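These notes are about the structure you will find just below.
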There are 2 protein chains.
Amino acid sequence: MPRSTRQARHAAAAAHRPVRLQDIADSLGVSMITVSRALSQPHKVSPALRERIVAAADRMGYVPNHSAQALASARSRTVLVQVPSLSNIVFIDLLESVGRVLQTAGYHMLICNTHYRGAGDWERVRNYLKHKPDGLLLTGSHLAEQAATLASSLALPVVFMMAGLDDPVTQAPELAEFVGFSQVQAGRAMTEHLLAQGHRRIAFVGAQLDVRVLQRHQGYLQAMAQAGAEPLEIMDERPSSMAMGASLLTRLRQRHADCTAVFFCNDDLALGALSQCHALGVRVPHDMAVAGFNDLPAAAFAVPTLTSVHTPRARVGERAAQRLLRLMDGEAPLAQPVHDLGFELRVRASA
Amino acid sequence: MPRSTRQARHAAAAAHRPVRLQDIADSLGVSMITVSRALSQPHKVSPALRERIVAAADRMGYVPNHSAQALASARSRTVLVQVPSLSNIVFIDLLESVGRVLQTAGYHMLICNTHYRGAGDWERVRNYLKHKPDGLLLTGSHLAEQAATLASSLALPVVFMMAGLDDPVTQAPELAEFVGFSQVQAGRAMTEHLLAQGHRRIAFVGAQLDVRVLQRHQGYLQAMAQAGAEPLEIMDERPSSMAMGASLLTRLRQRHADCTAVFFCNDDLALGALSQCHALGVRVPHDMAVAGFNDLPAAAFAVPTLTSVHTPRARVGERAAQRLLRLMDGEAPLAQPVHDLGFELRVRASA
DNA sequence: CTGAAAGCGCTAACAC
DNA sequence: GTGTTAGCGCTTTCAG
């Protein structure tokens, strides 16, 4: 930092130095610790004094110093929440509900966006550990192994969201639980729905091939195999988007002209495809049935309305946060640490 | 905390106590401060020693304690970012780009979701000040006044996002800048476009009436007044959504049957309305022209494609973060502290 | 280039 | 119910 800056900063600080506990204590002629208690453990201070202290703190504009609190108490009241992306509404809903629960409990949320880096995810998460979170909320079981080494050595509770239902995680941390639903079963259920409609030439189209997409794909394969139908797939690693859905639909029509139904790994792709069908004059579902996954708000308003799998994102976040709060409170993990919140097929006009 | 819990925690901590600078120093027979410097100001330590220290830190699994760093250095390397909602993609895009810039610069982001509380927003923000952020990124000028008192007394730099272009903020903090575009002008431009198409009976439909929506409405009113057209409005305080758009469209048709064009305050409403038009057999744009605002990805894929105003959200976040970094670095605010990043009309099929 | 001393603001533990 | 003492892990002086 340049010299002049430091001086300026110092001058400002000197002019308006933040109020500390000691300042309040001095102004009232009591000890600092009493002020501390009055503010954070009110029942330990006599009502009369407590009131005077709270009033003084208010008047003087006291703002606690979180770093000092965390350092002295060895509790940061902070939870590290990892998500692979902010562009996917699934994770936004997760963050929203997690945030609500944690906020109510007086915890703050540190968000780590790993940008779908896959293998590099852990490095990102690691970078946030310096904040000494009291607990971890992770999406995706691919972090389980590393989290295990870390969390068990630090005795840090972890809850995995949207994971652990399909691949019973062997390397999981001791203080861990899992909240989600079975992506495999969900993929399977949708495929079975399409089969039940009489379709045999059913394609699976995936993009942004992360763990969850591959699991849905597995479910698709299982259902197709069981029905003795030949799988038709288009898998593209590039990020998912409506534009991508439109272009994949075109590719699908070229590559598998006889295909009568398509199961997209998410609604963004499906919605883009729906739009492309309209543009190409492909009638949905008459010429081609289209299904998605996640049940975005837009699915029910598409033309035609989109058949999809509704996933309990908000409830996953809520439950995960609630469980983590208990674990951070010292409770032992449940004997059955896997919470299956299920999913629902939403059959609409497109398939 | 129950007694047993505390003991368990303590036992675990004793077993695997986190590595401190002192531990590394001891293992190498140097002083703690040298280790500190080797890790955070490498140029101040001889290359040979530095290398040994870094290796040891790595081997021992050292993780710095952010609270201790912040407390000792009086810099938290944390930025408080306030958004009114996570359900609105506008703010997600903002967070995404802000996050990218800050992460690169080694800052962490503390997200404060104020849930469109309006007047209560400041209380929420206040609650995060205990983390002693080095800077503030706020959305909405309604926080300017309170931020001014606070920030100037704390010498905290602030950048306002999506604000300050319409209502020259008088009470702004000294160390403040503004990044956004004129919502009023944007609302006006869209209305003028509809007027230019020959429409006279143009309605404005708003929901979730926050500052920005009201500003767009102002622009609409200005354009209508200038054209000598009578304004038709439906304003609903409830949260915005596609479902709400559908129901507001119905209400509009009932209340103003002769209306030929409608300007929705955002794309969510407009997309829901488009769907409802389809359901009601209202041909767009023939029977009714429909326009939105924000240019969501879905706008270009709607049927028919949706005319909207494209807003530079990602660029706003990026610029705001960049400017805040400079301010936190001690630079003086620009003489012209208002950054107008403009907007673009995206004329498509619906209007 | 390296080190010693002091202290950031707060809370845990133990008095009284 | 209130106070005293000590220390959390690190960085900032200021010395050499």
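Please read these numbers as outputs of a predicted model, since none were measured by experiment. Throughout, a chain's letter reflects where its sequence line sits, starting with A, and its residues are numbered from 1.
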Checklist line | Any Ser67(B) side-chain nitrogen or oxygen under 4.0 Å from OP1 or OP2 of dC10(D) | finding: no
Note to self: Tell me whether the side-chain N/O atoms of Ser46(B) come closer than 4.0 Å to OP1 or OP2 in dC1(C).
What the structure shows: no
Notebook entry, point to check: Say you draw a straight line from CG of Asn65(A) to OG of Ser76(B); how long is it, rounded to the nearest 0.5 Å?
Noted result: 9.5 Å
Next item on the list: Calculate the interatomic distance between Lys44(A) atom NZ and dA12(C) atom C1'; express it in whole Å.
Entry: 10 Å
Margin query: Counting only side-chain nitrogens and oxygens, does Thr34(A) get under 4.0 Å of the OP1 or OP2 atom of dG3(D)?
Written below: yes
Check: Can you check the Lys130(B) NZ to dC10(C) C1' distance for me, whole Å?
Finding: 14 Å
Note to self: Can you measure Asp26(A) atom CG to dC10(C) atom P for me and round it to whole angstrom units?
What the structure shows: 12 Å
Check: For Ile33(B) and dA6(C), what is the distance between atoms CD1 and C1' respectively, to the nearest whole Å?
Finding: 12 Å
Checklist line | Contact under 4.0 Å: Tyr62(B) side-chain N or O vs dC10(D) OP1/OP2 | finding: yes
Check: Under 4.0 Å: is that the gap between some side-chain N or O of Gln69(A) and OP1 or OP2 of dC10(C)?
Finding: no
Notebook entry, point to check: Rounded to whole angstrom units, what separation is found between the CG atom of Leu71(A) and the C1' atom of dC10(D)?
Noted result: 8 Å
Next item on the list: Output yes when at least one side-chain N/O atom of Ser31(A) is less than 4.0 Å from OP1 or OP2 of dG3(D), else no.
Entry: yes
Note to self: How many whole angstroms separate atom CZ of Arg17(B) from atom C1' of dG7(D)?
What the structure shows: 11 Å
Margin query: Tell me if a side-chain donor or acceptor on Asp329(A) pairs with a main-chain N or O of Glu331(A) at a distance below 3.5 Å.
Written below: no
Check: Atom NE2 of His43(A) and atom P of dG1(D): how far apart are they, to the nearest Å?
Finding: 9 Å
Notebook entry, point to check: Which nucleotide, dG9(C), dT11(C), dT11(D), lies nearest any side-chain atom of Arg20(A)?
Noted result: dG9(C)
Check: Salt bridge check: are Arg124(A) and Asp121(A) linked by an N-O gap of less than 4.0 Å?
Finding: no
Item checked: Test: Arg117(B) and Glu123(B) ion pair at under 4.0 Å -> no
Check: Start at the 5' end of DNA chain D and walk down; is the nucleotide closest to Pro64(B) or to Arg37(B) reached first?
Finding: Pro64(B)
Note to self: Taking the six-membered ring for Trp, are His108(B) and Tyr128(A) closer than 6.0 Å centroid to centroid?
What the structure shows: yes
Check: Atom CD of Gln41(A) and atom P of dT2(D): how far apart are they, to the nearest Å?
Finding: 13 Å
